[in-house]
Participant: 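Got a structure for you, questions after.
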Amino acid sequence: MISGRPVLEMHHIGQVFPGVVALDDVHFDLMQGEVHVLLGENGAGKSTLVKILSGANPRSSGQILLDGVEVRIETPRRAQELGIAIIYQELNLIPALTAAENIFLGREPRRRSGFIDQKRVVTDAQSLLDELHAGIDASRRVCELSVAQQQMVEVARALSLQARILIMDEPTSALTGQEIGELFALIRRLTQRGVSVIYISHRMEEIFEIGERVTVLRDGRHIETRPIAGTSREELVRLMVNRELKEHFPKVRVEPGAEALRVEKLSRRGVLEEISFTLRRGEVLGIAGLLGSGRTELARALFGADPVDGGRIFIKGKPVRIGSPRDAIHQGIGYLTEDRKGQGLVLNLAVRENICLASLARFSRLGWVSRTRESNAASGFVDKLRIRTPGLGQQVRYLSGGNQQKVVMSKWLCSESRILLFDEPTRGIDVGAKVEIYQLMNKLAADGAAILMISSELAEIIGMSDRVLVMCQGRIAGELSAAEATQQKILNLALGGN
Amino acid sequence: MRVKSLFLQHGRQLTTLFVLILLSAALWALSPHFMSLSNWLNIAQQTAINAIIAAGMTFVIISAGIDLSVGSILALSGVVMASALQAGAPVPLALLLCLVVGALCGSANGLLIARGKLPPFIATLGMMSVARGAALIFSDGRPVSGFAPGFRAIANGEFLAIPLPVWIMAAVYLIAHLVLSRTRLGRYTYAIGGNEEATLLSGVNVKLHKTLVYSLAGLLSALAAILLTARLNSAQPIAGMNYELDAIAATVIGGTSLLGGEGQIFGTLIGAFIMGVLRNGLNLLGVSSFVQQTVIGAVIIVAVLLDMMMKKRRS
Amino acid sequence: MKKAILSLALLGLCIGCSQDKSAPAVALVMKTLNNPFFMDMQLGAEEAAQRLQLPLIVQAAERELDVEKQMQIIENLIQRKVAAICLTPAGSREVIPAILKANRAGIPVLILDTRVDSTALAEAGGKVATFIGSDNFDGGRIAGERIIEKLGGIGRVAILEGIPGHETGDSRLRGFHAAIDKAPGIRIVASQTANWERDQGYNVFQNILQSHPDVQAVFGCNDMMALGAVEAIAAAGRSADILVIGFDAITDAREAIAAGRMEASIAQNPREMGRLAIENAARFMRGEQIPAYIPVPIELVRK
């Protein structure tokens with residue numbers, strides 16, 4: 001149903017965040033009734049671009065035209081007025097209200113008395129939902145609806161706002177196969193009515209099924225826009241990853257030693273499916289996969305932070321039971337979490353106190369902490385890891401990201417962990433500190449530690465791992481040796497290919 | 001440099017101390033009876049009960065919790081002890097019984113919060129009512145009064161010319177300070193309040209330590225009950241109403257953040273003294289109880305505002 | 001910083017409005033300031049103090065039963081070296097340690113309205129200058145006799161008690177029972193506490209009405225509770241057929257009696273109590289003898 005003129009044109013779009021160029025001279029256009037797929041790796045700039053359209057990033061540069069007329073989108077409200085609606089991965093509905101109340105939230109039709117016209121809210125909402133063939137009773141509460149139905153409600157809300165451009169960010173991530181089919185049918189009905197859709201997804205098969213054109217972004221730049229028909233999956237992957245390796249990885253290979261950790265058929269319903277692998281001393285095992293592929297969930301399960309439904313874990317060849325982080329630490333496992341501030345550090349405690357948090361029992365007798373022994377241990381790590389801090393008593397909130405990360409590493413070294421689970425160890429850290437952390441990983445491996453490294457940065461995975469496991473939808477989609485691992489192969493596995 | 005680092009570390013307590021000094025200076029100027037040793041001992045005695053409860057409250061609030069049940073626990077442990085005394089139990093046994101009742105109520109709070117995953121506000125709100133009701137049932141709604149002089153000496157005895165309650169308060173604060181700064185329980189209290197998830201992922205037995213923190217608050221409420229009962233020579237089932245608010249106020253004035261993870265025990269002591277000095281001073285000046293409430297409320301707000309301003313300036 | 005100092009200074013100024021006078025003052029310590037009974041008492045005391053040119057300090061806890069707060073007030077007044085303390089005890093026994101402190105400081109204590117437990121006081125070795133008040137037992141008895149008379153000797157009666165263990169309420173209750181016991185036709189169907197408070201009086205009597213809709217009269221051990229019952233009766237549409245008798249004859253109760261919503265109340269004359277307290281304190285300070293019991297007459301207030 002594509003008609004000839006673009007509804008939306010974006011030219012020379014740029015967005016600079018402190019220290020980072022998130023978008024650089026990006027072009028994008030959208031025809032009426034089109035489904036235009038936006039594709040790129042994590043951090044390629046998709047979300048930034050979408051946020052500019054929805055008014056969440058008002059300080060961007062460049063030109064936006066709607067129906068050929070230049071507009072400025074300074075606030076989310078302005079975006080709404082212009083007929084642009086966005087449906088996020090996490091739905092923005094109020095669970096305790098009914099579908100109808102959610103659809104008209106903030107714009108309830110009123111009677112002359114000033115009271116809300118409940119009857120009209122319900123009838124209007126119902127007719128909107130019926131138009132979408134949603135099969136939802138508008139007077140049911142949102143918390144009683146399935147995720148797919150909630151999405152329908154979001155779409156109905158967008159339509160009630162006269163949206164002409166609908167942005168869907170990973171809309172199928174929580175849907176079952178049948179629900180995806182229904183969603184696609186809905187999207188087709190919308191485009192027939194002239195609504196244009198910007199569709200963001202990682203799932204290749206969906207892209208080929210629903211999309212008409214695709215724009216690939218990489219490192220904040222526009223790579224290419226082309227019709228999907230006549231394009232192959234391999235070509236798209238190449239467009240997404242083709243870039244020169246900018247970072248240098250000081251990887252030192254160590255001959256792997258004895259088995260440190262073996263996992264057999266570890267499962268957690270809906271999250272992890274029969275994960276099996278072996279990790280040896282001196283080895284860095286990279287875990288790659290897209291967001292939501294189960295990488296972090298695997299680390300949490302190994303660490304006892306989440307319960308598992310089945311599977312066995314062996315440490316140094318012996319079966320162990322890990323029911324809590326305490327058990328894991330007892331077994332010599334350390335977990336450097338992906339969310340450093342939220343899960344790794346107690347920000348208002350001092351450097352010394354954070355370093356010793358997981359091993360305080362060793363520095364205390366009958367509950368009484370020996371400050372001297374604690375300080376000695378902590379200052380040893382501050383020296384060894386070159387943590388830049390004015391003193392051991394400094395609150396960690398005042399340290400830079402790299403130094404904070406070194407504090408977390410020190411915590412696990414201090415607790416004498418020999419199996420280290422590193423989840424995004426260099427996220428949000430400047431280049432210099434990154435190299436230091438890589439060097440530290442080399443040293444740990446040389447000393448016989450076993451490291452499992454989760455990362456979204458493919459270059460890092462390839463540069464630092466001895467072996468790579470690629471995860472996809474809770475399963476291990478494949479294993480690659482250091483020699484055979486390329487970005488293209490990893491991404492292909494991560495996207496569910498072979 | 002030395003002075004600066006001292007200020008950075010204890011800045012919050014110094015601000016509170018400054019408010020206390022300012023307030024005392026003002027009252028000294030207004031009343032000739034305020035600045036005397038006997039009046040200060042008087043203030044210290046009157047402050048002791050709130051200060052002891054607030055010490056427990058400080059632990060709870062640093063762990064990012066709240067305890068609304070301290071006043072009711074005080075009433076319950078008080079009437080249980082008083083009944084035991086009247087039934088002829090030896091004083092040490094009755095005191096032990098009182099502390100055990102308080103600690104048990106506290107650990108019930110702790111278990112509901114740590115194991116039952118109830119929000120602290122709800123769990124302790126429930127306990128507030130349960131313990132109050134239990135105190136009324138236990139005592140049949142009547143005060144239990146009249147004890148041997150040996151017991152009453154706890155409140156009106158003196159050592160080195162200083163009343164015993166003041167010594168007890170001092171001991172409680174010294175121990176609380178050591179526990180908070182030098183023991184694992186203290187460290188974990190800060191850690192849990194600062195970031196429970198990170199603490200859990202560091203292998204700390206969060207449930208156990210949370211339970212301990214609430215038990216400690218209950219224990220200290222019971223200690224306060226001993227002092228109050230000895231002071232009035234009577235244990236009332238309706239005693240300790242609104243004491244939780246006084247304790248929270250002293251803690252907050254003392255610079256402990258309601259968000260948890262931050263706070264110093266001596267700040268709370270100063271906070272309790274600010275409230276005690278204010279009540280005493282307003283009594284001396286013959287200010288009506290209506291005005292007193294307003295003034296105390298205003299001082300709480302001013303103290304916290306002042307702290308926020310200082311904090312902004314420091315960062 | 002400057003702003004903070006300024007605001008504290010302003011606060012100081014506020015407090016400063018009530019300067020600490022250096023002349024020997026008499027203190028009146030009441031249970032609370034927010035009960036009309038005590039307001040009347042304060043009024044009587046103030047009139048007397050003005051006439052005698054005695055500085056008067058009036059203090060009370062925020063809540064009527066806060067014995068600990070009352071104790072603190074007395075301690076602070078001792079620090080302030082007042083010449084005499086007129087006291088309405090918040091607890092008959094709990095107040096004794098405070099009296100002892102005043103004794104030790106050589107400050108005479110005059111007790112008003114609520115008696116101190118005399119045996120306990122004697123045991124503790126404390127002494128009070130006098131008790132100024134009405135005989136609550138007598139008041140309770142008069143109320144009981146009135147109900148018997150109005151019901152013609154036959155009927156069902158409910159009681160709203162004060163806080164158990166408090167001398168005032170207990171005496172009124174005993175007096176009431178003493179009268180009722182002599183009328184075999186009167187049956188007490190419910191006797192529950194409403195903690196001296198109006199809102200509780202309302203709720204408790206509403207509940208009594210649920211279980212005993214045939215109740216014909218109610219005696220409230222103070223007017224606040226009785227007035228709560230009056231409202232509950234009005235809400236139930238039963239104003240015509242339930243008698244309410246209160247105690248204290250506060251202004252609200254007098255109005256209710258005049259309007260016919262309440263049958264009667266026992267007048268204790270708190271204003272007179274306040275006056276007598278100050279006058280006798282002055283006499284005592286001059287070294288004159290005062291009697292150990294100064295009765296304040298009781299009367300039945302009715303339409």
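Atoms considered below: every heavy atom in the structure, side chains included; atoms not considered: hydrogens, waters and symmetry mates. Residue numbering restarts at 1 for every chain, and letters A, B, ... go by the order of the sequence lines.
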Participant: Is it the side chain or the backbone of Ala27(C) that comes within 4.5 Å of chain B heavy atoms, both, or neither?
Facilitator: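 Looking at Ala27(C), nothing touches chain B.
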
Participant: Starting at NZ of Lys81(C), measure out to OG of Ser36(B) and round the result to the nearest 0.5 Å.
Facilitator: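 Lys81(C) atom NZ to Ser36(B) atom OG measures 6.0 Å (nearest 0.5 Å).
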
Participant: To the nearest 0.5 Å, how far apart are OG in Ser145(B) and CG in Asp117(C)?
Facilitator: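 If we round to the nearest 0.5 Å, Ser145(B):OG and Asp117(C):CG are 7.5 Å apart.
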
Participant: With a 4.5 angstrom heavy-atom cut-off, is it the side chain or the backbone of Leu33(C) that approaches chain B, or both, or neither?
Facilitator: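 Both backbone and side chain.
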
Participant: Tell me, side chain or backbone of Asn156(B) under 4.5 Å from chain C's heavy atoms, or both, or neither?
Facilitator: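 No part of Asn156(B) comes within 4.5 Å of chain C.
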
Participant: Which atom pair, heavy atoms only, marks the closest approach of Lys101(C) to Arg231(B)?
Facilitator: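 Where Lys101(C) meets Arg231(B) most closely, the heavy atoms are NZ-NH1, 3.9 Å.
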
Participant: CG of Asn42(B) to CD of Gln72(C): how many Å apart, nearest 0.5 Å?
Facilitator: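 Here the interatomic distance stands at 8.5 Å.
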
Participant: What's the spacing between Gln236(B) CD and Glu68(C) CD if we round to 0.5 Å?
Facilitator: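 So the gap between those two atoms works out to 10.0 Å.
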
Participant: What do you reckon, is CD of Glu62(C) surrounded by more than 12 foreign heavy atoms closer than 6.0 Å?
Facilitator: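 For Glu62(C), atom CD is crowded (more than 12 foreign heavy atoms under 6.0 Å).
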
Participant: Evaluate Gln59(C) against Asn283(B) for side-chain hydrogen bond (donor to acceptor under 3.5 Å, both in side chains), listing each step before the verdict.
Facilitator: CA-CA 7 Å; Gln59(C) 296 267 295; Asn283(B) 277 165; 2.4 Å; yes

Participant: Let me confirm one number: the CG-CD distance from Leu232(B) to Glu94(C), rounded to the nearest 0.5 Å.
Facilitator: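 Between atom CG of Leu232(B) and atom CD of Glu94(C) there are 6.5 Å.
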
Participant: Quiz question: by atom type and distance under 3.5 Å, do the side chains of Asn76(C) and Gln46(B) form a donor-acceptor pair?
Facilitator: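 The criterion, which ignores hydrogens and geometry beyond distance, is satisfied for Gln46(B) and Asn76(C).
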
Participant: Sort Ile43(B) into side chain, backbone, both or neither according to what part of it lies under 4.5 angstrom from a heavy atom of chain C.
Facilitator: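 Nothing of Ile43(B), per the 4.5 Å heavy-atom cut-off to chain C.
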
Participant: From Ile73(C) CD1 over to Leu282(B) CG, what is the distance, rounded to the nearest 0.5 angstrom?
Facilitator: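 Here the interatomic distance stands at 11.0 Å.
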
